[in-house]
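Order of the sequence lines fixes the chain letters, A, B, ..., with proteins taken first and strands second; residue numbering starts at 1 for each chain. Everything quoted here is computed from the prediction, not taken from an experiment.
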Protein chains: 2
Amino acid sequence: MLNGRTPSVKDVAAAAGVSLGTVSNVMNRPEVVSTRTRERVERAMADLGFVRNESARQLRAGTSRTLAYVMLDGTNPFFHDVAQGIELAAEDADLSLFICNSNSRSSREAVHLDRLLQQRVQGILITPVDPAAPHLDELTRRGVPMVIVDRVRGADSCCSVAVDDVLGGRIAVEHLAEQGHTRVAFIGGPDSIGQVRERLQGAREIWESLGRDPEDLVYLPTEAMTVAEGRSAGERLAGLPVRRRPTAAFCANDLLALGLLQQSIGAGLRVPDDLAIVGFDDIEFAAAAAVPLTSVRQPRQELGRAAAQLVLDEATNPDHRHQQLSFTPELVARASTVNRNRKI
Amino acid sequence: MLNGRTPSVKDVAAAAGVSLGTVSNVMNRPEVVSTRTRERVERAMADLGFVRNESARQLRAGTSRTLAYVMLDGTNPFFHDVAQGIELAAEDADLSLFICNSNSRSSREAVHLDRLLQQRVQGILITPVDPAAPHLDELTRRGVPMVIVDRVRGADSCCSVAVDDVLGGRIAVEHLAEQGHTRVAFIGGPDSIGQVRERLQGAREIWESLGRDPEDLVYLPTEAMTVAEGRSAGERLAGLPVRRRPTAAFCANDLLALGLLQQSIGAGLRVPDDLAIVGFDDIEFAAAAAVPLTSVRQPRQELGRAAAQLVLDEATNPDHRHQQLSFTPELVARASTVNRNRKI
DNA sequence: TACGTTCTCTGAAACATTTCAAAGATAGCC
DNA sequence: GGCTATCTTTGAAATGTTTCAGAGAACGTA
């Protein structure tokens with residue numbers, strides 16, 4: 001009767017001598033079926049090796065059991081930590097998580113979103129290439145719950161979860177100023193990235209409020225936020241005339257900072273004595289660097305978890321209101337800025 | 001007529017004044033429909049904002065458009081590179097990739113597999129916690145194409161893709177011997193992990209074939225393959241009496257090596273002069289470490305790509321034969337073992 | 001005009017599940 | 001035994017797509 005097919009509820013029903021509806025009840029409302037019947041059905045399922053067909057379930061029920069996260073850059077561990085936070089929240093809600101990676105390409109992002117729409121996922125979490133991209137509006141227009149992660153978006157068109165990047169920039173540079181540095185580099189880019197702009201803004205704000213000369217906060221733009229770009233920024237830094245050369249650098253993320261650190265040590269500089277370095281994100285490899293990296297910590301997992309909760313609220317709560325959650329970053333001082341052998 | 005529902009083929013058909021079948025043809029066999037009609041249908045789709053319901057498609061067509069990868073450890077960038085390779089191959093075949101993370105927990109792995117079975121994915125790629133786990137047999141018994149990545153499995157029960165770990169162990173230790181080291185540590189564990197055993201075996205083989213005393217190859221077992229365990233192994237290493245203390249360490253992966261590197265430098269050792277270090281995997285952060293890490297490179301993306309091709313072959317080719325692909329690892333020598341200021 | 005070919009299009013059946021009104025069984029009570 | 005209330009089970013309808021046999025139209029040819 002089965003001839004090789006994978007068994008369906010119908011087969012289970014036949015084997016257990018009950019109707020389709022009863023088998024469905026055993027799966028979805030076990031409390032309404034008598035213990036005896038339930039056991040017989042469960043037995044039949046096990047014997048036949050029945051596995052529920054999720055497509056059919058979803059088609060009829062109209063609702064999927066998955067969330068999706070479209071991450072921006074798979075090579076940055078930061079996003080994996082965010083994903084891990086989402087995964088934990090999804091697990092609690094008994095949902096699966098679909099992880100996609102746009103690799104900073106807007107076209108790839110659009111392809112992923114289209115497919116997720118086809119899958120009718122319950123909600124989409126995304127760290128977009130460009131928060132203003134029209135394909136994001138498309139989602140909200142369709143009514144798909146969406147939360148922007150680690151970016152913000154104008155108006156209250158959707159929920160978002162981020163860290164106060166201006167504050168992050170302030171505390172990083174404040175820390176460097178406290179360590180006695182009078183000329184500081186800001187490394188990051190391209191400045192189409194909102195975070196870069198805001199971290200720089202925070203850096204400038206605190207710098208000026210400390211009464212320092214704006215000229216002494218040197219902006220070294222990069223093409224991307226990668227280790228390789230960090231190294232190249234290090235070379236440019238080394239190329240500056242000594243009088244103009246900063247004694248400390250604030251990098252817009254940890255990958256840049258690690259690249260800078262590597263290049264500097266390779267060039268014979270002592271960190272932090274010749275060059276102090278602050279990163280951003282506090283990824284695991286920051287602490288594990290040979291000179292452990294001072295960094296502005298974002299609560300990565302917490303970010304993901306909060307985002308997941310917002311998207312679930314939007315999906316299930318009829319009087320959901322969009323929120324823009326902002327977390328507070330925190331400075332983690334390590335050896336790349338603080339020299340233990342020197343009293344400050 | 002739509003009252004808020006998301007539009008279906010039926011709505012498109014009505015709007016374009018054609019039948020259901022024609023709309024379906026426009027999507028799946030555009031060549032059989034006349035240009036005029038096709039354009040009218042496409043117009044209607046765009047106007048209504050039609051998005052195909054993947055569940056219904058899959059239910060009827062009986063086949064999904066997704067592959068899945070169950071990775072072992074989301075904190076190790078190695079697996080993300082493998083995933084990236086799979087993703088590229090999937091993209092070529094116009095499939096989506098579902099990435100799950102078992103976090104080295106067998107129970108979590110089983111949950112993911114069960115869900116993937118429900119989704120009727122086309123094939124499963126997996127780096128299993130335990131290649132002998134019965135829930136893997138279950139998959140093959142059900143006829144779901146499966147490929148083991150970075151592990152091997154007895155017999156020819158399924159395809160697998162891996163690197164020759166014994167060889168990897170040999171070339172790592174051979175390199176250290178060439179650099180003049182006469183006492184070497186092997187750091188890795190637990191030895192329930194096949195890789196650890198094989199890399200150690202390779203190390204021992206070459207060591208003995210070079211006529212060295214087995215006593216001089218010191219095995220320092222670890223609890224896990226993490227940065228933290230690498231640091232702790234460093235402490236144990238430092239605790240050995242000087243006469244017994246190795247001057248070089250071969251770590252079973254790069255995370256261990258990075259931890260060891262960090263601990264060693266923190267303790268004032270010079271790398272490689274006081275301690276040379278070789279890692280395994282050649283993750284991106286290996287090259288980016290402050291003392292760039294010598295490592296045994298696995299072709300990570302290639303591994304993923306090959307695995308995806310095997311699983312697709314199994315899914316589509318009726319006379320598919322299981323294969324055990326083995327890639328050749330390659331030593332990448334960097335500053336953690338080779339001192340530029342010293343002639344060898 | 002009649003006929004065969006080729007090109008388009010149609011509409012009903014099938015996929016595996018959930019849902020729900022209603023039927024049936026069981027038990028308690030007078 | 002008859003009645004009601006409660007607990008179980010049933011079976012048909014519905015979900016949105018693909019498939020496919022066959023109906024129609026258009027066209028060239030004899």
Side-chain angles (χ1 to χ4, degrees), chain A residues 1-42 44-45 48-66 115 117-121 142, chain B residues 1-42 44-45 48-66 115 117-121 142:
Chain A
M1 183 237 267
L2 253 74
N3 29 273
R5 275 189 312 103
T6 96
S8 71
V9 269
K10 200 192 283 186
D11 303 311
V12 173
V18 298
S19 77
L20 289 194
T22 302
V23 177
S24 175
N25 282 337
V26 168
M27 294 190 283
N28 302 302
R29 285 184 228 76
E31 69 283 2
V32 312
V33 13
S34 73
T35 318
R36 240 168 64 81
T37 322
R38 180 161 51 73
E39 279 166 359
R40 217 165 60 236
V41 171
E42 281 166 348
M45 285 178 165
L48 273 66
F50 169 78
V51 175
R52 182 216 240 112
N53 182 324
E54 174 63 21
S55 298
R57 203 216 106 254
Q58 184 172 321
L59 172 58
R60 172 61 232 218
T63 159
S64 80
R65 304 293 295 159
T66 59
R115 262 212 252 257
L117 239 34
Q118 294 187 14
Q119 305 267 6
R120 303 289 195 270
V121 292
R142 290 208 123 77
Chain B
M1 182 234 268
L2 252 74
N3 30 276
R5 274 189 311 105
T6 96
S8 71
V9 268
K10 200 190 285 188
D11 302 313
V12 174
V18 298
S19 77
L20 289 194
T22 301
V23 178
S24 175
N25 281 336
V26 168
M27 293 191 282
N28 303 301
R29 284 184 229 77
E31 69 281 2
V32 312
V33 11
S34 73
T35 318
R36 241 171 64 81
T37 324
R38 180 160 53 71
E39 279 165 358
R40 216 168 58 237
V41 171
E42 281 166 349
M45 285 178 165
L48 273 67
F50 170 77
V51 175
R52 183 216 239 109
N53 182 324
E54 176 62 22
S55 298
R57 203 216 106 256
Q58 183 170 323
L59 173 60
R60 171 61 233 218
T63 158
S64 79
R65 304 293 299 159
T66 58
R115 262 212 251 255
L117 239 34
Q118 293 188 14
Q119 306 265 5
R120 303 290 194 272
V121 293
R142 289 208 124 80

Open item on the list: How many whole angstroms separate atom CD of B:Gln118 from atom C1' of C:dT18?
Closed with: 15 Å
Open item on the list: Heavy atoms only, 4.0 Å cut-off, all strands: where does A:Thr37 land among base, sugar-phosphate and nothing?
Closed with: sugar-phosphate
Open item on the list: Any base atoms under 4.0 Å from B:Thr22, or only sugar-phosphate, or nothing? Heavy atoms, all strands.
Closed with: base
Task: Pair A:Arg57-A:Asn28, side-chain donor/acceptor within less than 3.5 Å - done: no
Task: 5'-most by nearest nucleotide on DNA chain C - A:Arg57 or B:Val33 - done: B:Val33
- [ ] Figure out the CZ/P separation between A:Arg52 and C:dT19, and round it to whole Å.
- [x] 10 Å
TODO: Find the distance A:Asn25:CG to C:dT18:P and express it as a whole number of Å.
DONE: 9 Å
Task: Minimum-distance nucleotide (side-chain atoms of B:Val9 versus D:dT15, D:dT17, C:dT17) - done: D:dT17
- [ ] Output the single nucleotide from D:dT8, C:dT17, D:dG16 whose closest atom is nearest the side chain of B:Leu59.
- [x] D:dG16
Open item on the list: Looking at B:Val26, is its backbone amide N or carbonyl O close enough to the side chain of B:Arg29 to form a donor-acceptor pair, meaning the two atoms are under 3.5 Å apart?
Closed with: no
Task: Separation of atom CZ in A:Arg36 from atom P in D:dC7, rounded to whole Å - done: 19 Å
Open item on the list: Let me confirm one number: the CD-CE distance from A:Glu42 to A:Met27, rounded to the nearest 0.5 Å.
Closed with: 11.0 Å
Task: Out of D:dT17, D:dT18, C:dT17, whichever nucleotide has its closest atom nearest the side chain of B:Phe50 - done: D:dT17
Task: Presence of B:Ser55 side-chain N/O under 4.0 Å of D:dT15 phosphate oxygens OP1/OP2 - done: no
Task: Proximal nucleotide (of C:dT18, D:dT10, D:dT18) relative to the A:Asn28 side chain - done: C:dT18
- [ ] Can you figure out which of D:dT17, D:dT9, C:dT17 approaches the side chain of B:Arg60 most closely?
- [x] D:dT17
Task: side-chain contact (heavy atoms from CB on, under 4.5 Å) between A:Arg40 and A:Val18, worked out - done: CA-CA 9 Å; A:Arg40 217 165 60 236; A:Val18 298; 3.5 Å; yes
TODO: Would you indicate what A:Arg38 reaches in the nucleic acid, counting non-hydrogen atoms under 4.0 angstrom: base, sugar-phosphate, or nothing?
DONE: nothing
Task: Rounded interatomic separation in angstrom, taking CD from B:Gln58 and P from D:dT17 - done: 13 Å
Task: Length of the CG-P vector between B:Asn53 and D:dA14, whole Å - done: 18 Å
TODO: I would like to know whether A:Gln58 and B:Leu59 meet side-chain contact (heavy atoms from CB on, under 4.5 Å); could you show each step before the answer?
DONE: CA-CA 10 Å; A:Gln58 184 172 321; B:Leu59 173 60; over 6 Å; no
Open item on the list: In whole Å, I'd like the distance from the CG atom of A:Leu20 to the C1' atom of D:dA14.
Closed with: 14 Å
Task: Minimum-distance nucleotide (side-chain atoms of A:Ala56 versus C:dT17, D:dT10, D:dT17) - done: C:dT17
TODO: Taking only the side-chain heavy atoms of A:Ser24 (C-beta and beyond), determine which of C:dT19, D:dT19, C:dC9 contains the nearest atom.
DONE: C:dT19
Task: Rounded distance (Å) that lies between atom P of D:dG16 and atom CE of B:Met45 - done: 15 Å
Task: Among C:dT10, D:dT17, C:dT18, the nucleotide that comes nearest once only the side chain of A:Ala61 is considered - done: C:dT18
- [ ] Could you check which of D:dT10, C:dT18, C:dG11 has an atom nearest any side-chain atom of A:Met27?
- [x] C:dT18
Open item on the list: Working to the nearest 0.5 angstrom, can you tell me the gap between B:Gln119 CD and A:Ser55 OG?
Closed with: 7.0 Å
Open item on the list: C:dT8, OP1 or OP2 - any side-chain N/O from B:Arg29 closer than 4.0 Å?
Closed with: no
